[in-house]
Amino acid sequence: MKRFLAAALLAVTMGAAPALAAPAQAAPVNAAPGHAAAVLPYQDPAVPLDQRVGDLLGRLTLDEKISLLHQSQPAIPRLGLPYFKAGTEALHGVAWSNDHNDAWNQKMASGTVFPQAVGLASTWDPELIKRVGSAVGDEVRGYNAIDPVLWGTQVWAPVVNLLRDPRWGRNEEGYSEDPLLTGAISTAYGKGLSGDDPVYLKTAPVLKHYLANNNEYLRSLTSSNLRPRIKHEYDEAAFKPAISNDAATGVMASYNLVNGRPNTVNPDLDAVVRSWTTKDLYNVSDAWAPDALQEYEHYYDTKPEAVAATLKAGLDSFTINNDDPSLMTANIKAALSQGLITVADIDRAVRHVLSIRIRLGQLDPDGGPYAKITKDVINSAANQRLNRQTAGEAMVLLENSGRKLPLSPGLKKVAVLGPLQDTLFSDWYGGTMPYQVTPLAGIKERLGARAAVTGADALDRIALKDLASGKYVTATGTTGQNVVVSDTAPGGASTWDQTDWTGDVSTLRNVGNGKLLTGNFGPYVTNSDVPGGWYVQQQFRLEGQADGTYLIQYVGYEVNEGWWPFPEHYVTVGADGTLGTGTKAAAAHFAREVVQSGAKTAAAAAKDADAAVVVVGSNPFVYGRESHDRSTLALGQGQQELIKAVRAANPNTVVVLEDSYPTTMNVDTPALLWTTHAGAETGHALADVLFGDRNPAGRLTQTWYRSDDLPDILNYDITKTGMTYLYHRGDPRYAFGHGLSYTTFGYQSLKVTPRGDSYDVTVKVTNTGSRAGDEVVQLYTHQRSSRVTQPVKQLRGFTRVTLRPGESRTVKLTVKKADLALWDVTRGKWTVETATHDVLVGGSSSAIRQRASFQVNGERIPPRDLTRSTRAIDFDDYSGVDLVDTSKESGEAVGAVAGDWLKFADADLRGGLTGITAGVSSVAGGSFEVRAGSPSGVLLATVAVPATGGIYQYGTASATLSGADGVRDLYLVFKGDLRIKDLTLTK
């Protein structure tokens with residue numbers, strides 16, 4: 001691929017990718033030959049942090065200050081300031097950084113790769129996750145000790161975006177669809193990363209990606225419509241805990257827009273996020289995002305305008321141009337000269353930078369308390385043990401009818417089958433595993449030499465016959481040689497092992513050379529060992545036709561890019577037999593000949609075994625990842641057929657589903673264990689659970705729906721779509737919080753006791769089975785009456801407890817009255833309503849074992865007073881409409897076209913109201929009606945909106961109001977294309 005293409009395309013699609021600059025050697029400050037350097041205030045650990053920052057800030061030149069705004073900050077030798085790199089990826093272990101000498105070259109870490117983030121959260125064990133975060137923080141420091149230029153100590157983790165929609169390509173990076181659980185796990189991981197020192201930081205965690213970033217489709221262009229209640233009660237609620245508990249030192253702004261404004265210039269970065277803590281935060285941009293404001297989103301006309309807006313919105317670091325700050329510097333200086341920013345704006349951001357760098361120990365003589373950590377911590381024996389424990393605690397027993405699990409450790413013959421039986425995968429934000437204990441290896445080790453444990457991938461081995469020529473798709477080499485149709489009969493070079501992943505997207509491994517069929521930006525080759533890279537070119541879909549033939553659709557990730565030359569992406573056969581890419585109409589038709597059936601191979605291996613373990617699932621690089629959502633959650637049909645065949649051959653079959661997101665399948669699985677891709681210790685942890693050495697207690701952190709028939713992934717209004725357990729009223733396949741155990745638990749004596757401004761909920765939990773085990777006690781509440789749509793139930797607390805057989809423990813969970821507040825759009829504040837709340841306690845959101853209720857004395861939200869200026873965005877219901885920006889700097893409005901409407905419930909129309917005035921904008925002019933009771937109810941007014949000249953040019957539109965009386969629902973029904981930012985009723 002040409003480098004200029006990479007620069008343009010990676011910028012559009014890629015997540016934050018840090019880059020490095022070569023450090024200049026730092027020199028002592030004010031040191032004369034033969035004399036000790038004077039210790040200045042900023043270098044003195046005894047001086048308070050704020051004074052150290054102020055002292056150093058005052059010594060910097062303007063050019064030096066500007067240089068500190070870049071992701072790659074050069075050393076300032078005269079002040080003893082070392083080189084600083086913003087951002088090392090550390091989502092579930094130290095993952096990677098970018099090489100200074102080649103900005104596109106990822107340098108992978110080879111330390112402890114813990115379970116994926118969604119797996120970490122599946123433990124429901126914050127204390128454990130804090131230990132994991134601490135281990136990762138140690139390893140960051142260990143790598144930094146090896147190479148402080150390559151491995152920085154500001155880490156871009158964790159990801160706290162809510163898993164609102166399981167089709168999100170980055171589902172594995174998040175924790176949960178619930179803000180409380182997400183907040184608890186992110187706080188724990190962040191606390192571990194940052195360390196326990198009250199001032200100094202082991203690492204500086206940055207939360208990704210602020211805000212409402214849960215789709216990859218056109219992620220730099222799509223806007224997440226966030227009603228105020230969703231914004232405050234849901235999306236912001238996931239970010240606030242880690243910041244307010246000093247478990248994170250900043251946020252990364254996401255690519256997407258919220259309510260029409262790019263998050264790179266979201267004013268809430270300053271006004272809201274920084275209000276959650278008294279400590280300095282160091283907020284960063286995502287890769288290329290400041291440039292995207294002008295180049296891609298066209299939100300600003302010039303780069304100086306874009307960088308100025310970025311800085312003023314509250315971002316302190318520009319992740320652009322890899323390790324070259326020159327363009328940023330030029331644009332910031334241009335913004336200064338044009339009066340778009342002031343030196344005070346720069347100073348404010350630099351103060352945030354310096355605060356974090358001092359807390360990281362960079363300016364202490366000894367490097368601070370964490371500088372003594374060495375490379376010895378990397379992949380240490382202690383971290384391996386912790387990894388095994390975490391992978392085991394994260395596993396979720398989804399089904400166990402007939403109590404097939406645990407398996408007997410006395411089994412003599414076990415067949416381990418499926419595409420993941422003897423392999424482990426990392427992911428885009430995971431490091432390289434220094435060793436691998438696969439499921440097959442773990443089971444073999446657990447059973448020892450006394451048992452015969454055999455493994456087989458059990459893939460379909462196929463040949464693809466071009467029906468036009470009668471010849472077979474054939475590999476001709478392992479590097480740049482094109483794949484052709486040439487063999488006249490299936491042979492090694494013309495047979496392929498097909499792995500059918502999620503969504504029936506397959507990889508095809510050539511039997512002759514062991515390499516994967518790969519797109520290679522047009523011609524096809526066999527030169528890949530695994531699917532990988534930013535453009536994962538090893539993806540194909542065999543598309544069955546009515547006549548029994550197949551088309552081969554190329555679905556490598558580059559096909560979604562604007563520069564890709566083919567409108568459709570089907571494999572063609574040229575006159576010389578070379579495979580190419582073209583339209584569906586020009587596609588070659590193939591016969592799919594099964595040389596060896598994977599299902600039959602598996603059934604034969606399972607038939608005489610004492611037990612069969614089928615390991616199926618996903619590849620994190622195939623069909624869904626950063627920049628690529630899924631359209632289906634279905635397990636590949638080939639894998640489903642494999643499960644069916646093995647179950648038919650051996651009733652003692654256990655299915656292990658290893659993937660990163662909820663999955664659907666049309667196959668009965670009486671014994672089903674789910675794990676995310678869990679790192680190097682997966683096989684050990686799996687064997688621990690399968691054979692009962694560990695009693696599973698992981699719990700799902702998101703709803704597993706029964707089908708792919710889900711709302712538009714771009715619709716973020718969960719109150720209307722019914723997404724997540726909070727608002728879903730259907731019957732899910734597996735509910736939020738679901739997870740089984742090898743033992744049973746009883747719940748008794750639920751009691752709710754008011755304690756000042758909180759409520760203590762106590763319940764007695766007893767292990768009623770014959771095995772020791774963990775129970776995740778989950779507390780939910782439901783508000784029975786409210787002015788607004790309330791969640792079906794909402795998680796208010798949880799704890800993971802270990803109980804011996806017959807042991808009981810009284811668990812106490814506390815609900816604060818303030819946590820029961822809703823965001824009252826009528827008055828723009830948090831409000832606790834007077835209401836009865838149901839208390840629901842059990843082992844999952846669908847396994848409620850004890851119920852109680854309590855009365856909350858709050859207030860009744862009064863009827864809306866629309867004689868006060870009311871933001872249009874503070875409506876109660878709507879049809880159509882978009883939420884938009886009032887101006888590029890701040891404010892939110894409603895954009896509407898003919899047929900859309902807004903509802904303002906319980907509006908007080910008494911008192912002789914005679915008029916309405918609204919702040920509006922419209923390019924061509926339009927109008928809206930004011931109606932009572934319904935969108936077609938009594939007409940109270942028609943408001944004409946004149947053309948204002950542009951969407952950001954607001955004027956006032958007024959009309960006479962007649963027939964207003966009582967307390968009624970008020971509707972604005974739009975008859976033309978316009979924006980409305982506020983309205984006021986007048987007397």
Side-chain angles (χ1 to χ4, degrees), residues 210-214 221-237 239 251 253-275 293 297 299-300 309-310 312-314 714-720 788 822-830 864 866 868-897 900-905 917-923 926 928 945 948 950-957 972 974 977-984:
Y210 190 86
L211 182 71
N213 177 207
N214 187 231
L221 297 178
T222 54
S223 180
S224 305
N225 279 356
L226 287 190
R227 298 169 62 179
R229 276 194 64 211
I230 301 295
K231 176 182 175 181
H232 294 305
E233 296 177 23
Y234 191 62
D235 286 279
E236 284 182 351
F239 281 83
V251 301
S254 56
Y255 288 121
N256 61 293
L257 296 76
V258 165
N259 297 350
R261 182 181 294 109
N263 274 325
T264 303
V265 291
N266 187 337
D268 289 349
L269 292 163
D270 231 2
V272 175
V273 176
R274 285 198 162 96
S275 73
L293 290 168
E297 295 164 333
Y299 200 69
Y300 295 99
T310 299
K312 295 179 78 169
L714 298 180
N715 190 339
Y716 278 70
D717 189 351
I718 59 175
T719 62
K720 289 181 78 75
V788 301
L822 60 86
W823 182 260
D824 175 17
V825 295
T826 72
R827 294 172 295 176
K829 68 174 187 175
W830 290 101
R864 274 186 180 270
L866 295 179
R868 298 182 300 184
S869 179
T870 298
R871 298 192 314 163
I873 197 173
D874 287 328
F875 53 78
D876 289 292
D877 199 4
Y878 64 98
S879 176
V881 311
D882 282 316
L883 307 187
V884 297
D885 51 340
T886 306
S887 71
K888 292 182 178 180
E889 292 75 31
S890 63
E892 296 168 307
V894 175
V897 296
D900 294 349
W901 54 258
L902 299 177
K903 173 185 175 181
F904 297 87
T917 300
V920 292
S921 73
S922 179
V923 174
F928 65 90
V945 176
T948 61
I951 59 174
Y952 296 128
Q953 294 176 283
Y954 277 83
T956 299
L972 306 186
F974 297 94
D977 192 349
L978 57 91
R979 292 184 171 195
I980 177 170
K981 65 181 179 71
D982 52 41
L983 68 151
T984 307

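The basis for the numbers below is simple: all heavy atoms, side chains too, and nothing from hydrogens, waters or symmetry mates. All residue numbers in this chain count up from 1 along the given sequence. Every value quoted in this text rests on a predicted model; they were computed, and no experiment measured them.
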Any side-chain heavy-atom pair of Tyr234 and Ile718 under 4.5 Å:
yes

Set of residues satisfying side chain to side chain contact (heavy atoms under 4.5 Å, CB included) with respect to Thr870, sequence neighbours excluded:
Arg864, Leu866, Phe904, Leu983

Min side-chain heavy-atom separation Ile230-Asp717 under 4.5 Å
yes

If every non-hydrogen atom of Ala313 is compared with every non-hydrogen atom of Leu269, which pair is closest and at what distance?
O-CB, 3.5 Å

Do the side chain of Ser223 and the main chain of Gly260 share a donor and acceptor less than 3.5 angstrom apart?
yes

Go through the steps to decide whether Leu822 and Trp830 satisfy the test side-chain contact (heavy atoms from CB on, under 4.5 Å), and finish with yes or no.
CA-CA 6 Å; Leu822 60 86; Trp830 290 101; 5.7 Å; no

Asp877/Lys720 ion pair, N-O < 4.0 Å
yes

For a quick test of reading the model, state the closest non-hydrogen atom pair linking Leu211 to Ser254 and the distance between them.
N-OG, 3.1 Å

Between Arg979 and Asp885, is a side-chain contact (heavy atoms from CB on, under 4.5 Å) present by the stated rule, with each step listed?
CA-CA 10 Å; Arg979 292 184 171 195; Asp885 51 340; 3.4 Å; yes

Nearest-0.5 Å distance, CG of residue Asn256 to CG of residue Asn214:
9.5 Å

Find out whether Tyr299 and Val265 are in side-chain contact, i.e. whether some heavy atom of one side chain is under 4.5 Å from a heavy atom of the other.
yes

Heavy-atom pair with the smallest gap, counting every atom of Val920 and Phe928:
CG1-CE2, 4.4 Å

Counting N and O atoms only, with roles assigned by atom type, does the side chain of Thr948 sit under 3.5 Å from a partner on the main chain of Gln953, one being a donor and the other an acceptor?
yes

Using modelled atom types only, decide if a donor and an acceptor are shared between the side chain of Thr264 and the backbone of Ala253 within a distance under 3.5 Å.
no

Mind checking side-chain hydrogen bond (donor to acceptor under 3.5 Å, both in side chains) for Asp982 and listing every partner two or more places apart, or none if nothing turns up?
none

Separation between CG (Asp235) and OG (Ser224), nearest 0.5 Å, reads 8.0 Å

Distance col, row Lys903:NZ vs Ser879:OG, nearest 0.5 angstrom, shows 12.5 Å

Tell me, with the steps shown, if Leu902 and Val881 meet side-chain contact (heavy atoms from CB on, under 4.5 Å).
CA-CA 8 Å; Leu902 299 177; Val881 311; 4.0 Å; yes

Taking the side chain as everything from C-beta on, heavy atoms only, tell me whether Asp882 gets closer than 4.5 Å to Val894.
no

Search all heavy atoms of Asp900 against all heavy atoms of Gly895 and return the closest pair with its distance.
OD2-O, 4.4 Å

Is any side-chain heavy atom of Arg227 less than 4.5 Å from a side-chain heavy atom of Glu233?
no

When rounded to the nearest 0.5 Å, the distance separating OG1 of Thr310 from CG of Asn266 is 11.5 Å

Salt-bridge test for Asp270 and Arg274: reply yes if a basic N is under 4.0 Å from a carboxylate O, no otherwise.
yes

I'd like to know whether Val273 forms a side-chain contact (heavy atoms from CB on, under 4.5 Å) with Tyr210, so could you lay out the CA-CA distance, the side-chain angles of the two residues, the decisive distance to 0.1 Å, and finally the verdict.
CA-CA 10 Å; Val273 176; Tyr210 190 86; 3.6 Å; yes

If you round to the nearest 0.5 Å, how far is CG of Asp876 from OG1 of Thr826?
8.0 Å

Using only atom types and a distance under 3.5 Å, with no angle test, would you say the side chain of Arg229 pairs donor to acceptor with the backbone of Asp874?
no

For Ala309 and Tyr300, which heavy atoms make the closest approach, and how far apart are they?
CB-OH, 3.2 Å

Which distance, rounded to the nearest 0.5 Å, do you find between the OH of Tyr716 and the CG of Asn259?
12.0 Å

Could you name each residue pair satisfying salt bridge (charged side-chain N to carboxylate O under 4.0 Å, His left out) that touches residues 886-895, not counting sequence neighbours?
Arg871-Glu892

Smallest heavy-atom separation, Ser922 atom then Gly926 atom, equals OG-N, 4.0 Å

Any donor and acceptor pair, going by atom type alone, linking the side chain of Ser921 with main-chain N or O of Tyr954 inside 3.5 Å?
no

